[in-house]
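Each remark here refers to the structure printed beneath this line.
These numbers come from the heavy atoms of this one structure, side chains and all, not from hydrogens, waters or symmetry mates. By convention here, the first residue in the shown sequence is residue 1.
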Amino acid sequence: MAETLAERKARLADKLKNEPSMAPIQEVNPVSEVDKPATKWAINKDDELVQLNVKVPRNMSKAIKQIALDDEVDIREVVWEAISQYLKKRKSS
C-alpha cells in the first residue's frame with residue numbers, strides 16, 4: 001500500500017531528528033579592524049556633521065563614484081574635496 005503524506009512527513013521528520021546534518025558548518029571569525037587611512041578632512045570633535053541632500057545628473061553621480069573607487073576613498077570625501085575647492089575659489093574671487 002502507498003505511503004500517505006502524513007506518514008511520509010513523519011518519516012522525514014524522524015530522519016532529520018536522528019541523522020547528523022550533512023550541511024557544512026560555517027566558522028565565524030570576528031573581523032579585525034583595518035587601519036583606515038587618515039583623511040585630509042579630519043573632523044574636529046566640535047564639528048557637527050549635517051545632512052545635505054542634492055540631486056545630481058546620473059553621469060555626474062557615476063563619475064563621483066568612479067573617482068571614489070579609483071582613489072579608494074568614500075564618496076563623501078570626493079564631494080567634500082569638490083565643495084572645498086569651490087569655496088576656496090569663491091573666497092579668492
Original post:
Taking atom OG of Ser84 and atom NZ of Lys89, what is their separation to the nearest 0.5 Å?
Top reply: 13.5 Å
Subject >> Listed partners of Arg8 passing side chain to side chain donor-acceptor pair (under 3.5 Å), at least two apart >> reply: none
Subject >> By side chain to side chain contact (heavy atoms under 4.5 Å, CB included) - contacts of Lys9 (at least two apart) >> reply: Leu5
**OP:** Any chance you could measure Glu81, atom CD, to Asp71, atom CG, to the nearest 0.5 Å?
**Re:** 9.5 Å
Subject >> Approximate separation, where rounding is to 0.5 Å, of Ile67 CD1 and Lys62 NZ >> reply: 14.5 Å
Original post:
Can you name the side chain to side chain contact (heavy atoms under 4.5 Å, CB included) partners of Pro57, sequence neighbours left out?
Top reply: Asn59, Met60
Original post:
Transitively linked via ILVMFWY side-chain contacts under 4.5 Å: Leu52 with Val79?
Top reply: yes
Original post:
Among all residues two or more places apart in sequence or in another chain, which pass the side chain to side chain donor-acceptor pair (under 3.5 Å) test with Asp70?
Top reply: Gln66
Subject >> side chain to side chain donor-acceptor pair (under 3.5 Å) partners of Glu7, counting only residues at least two apart >> reply: Thr4
Subject >> In one Ile/Leu/Val/Met/Phe/Trp/Tyr side-chain cluster, 4.5 Å: Ile83, Leu49 >> reply: no
Original post:
How would you list, by chain and number, every residue that makes a side chain to side chain contact (heavy atoms under 4.5 Å, CB included) with Ala68, sequence neighbours excluded?
Top reply: Val73, Ile75, Val78
**OP:** Check step by step if side chain to side chain contact (heavy atoms under 4.5 Å, CB included) holds for Asn53 and Gln51.
**Re:** CA-CA 6 Å; Asn53 295 320; Gln51 185 80 31; 3.0 Å; yes
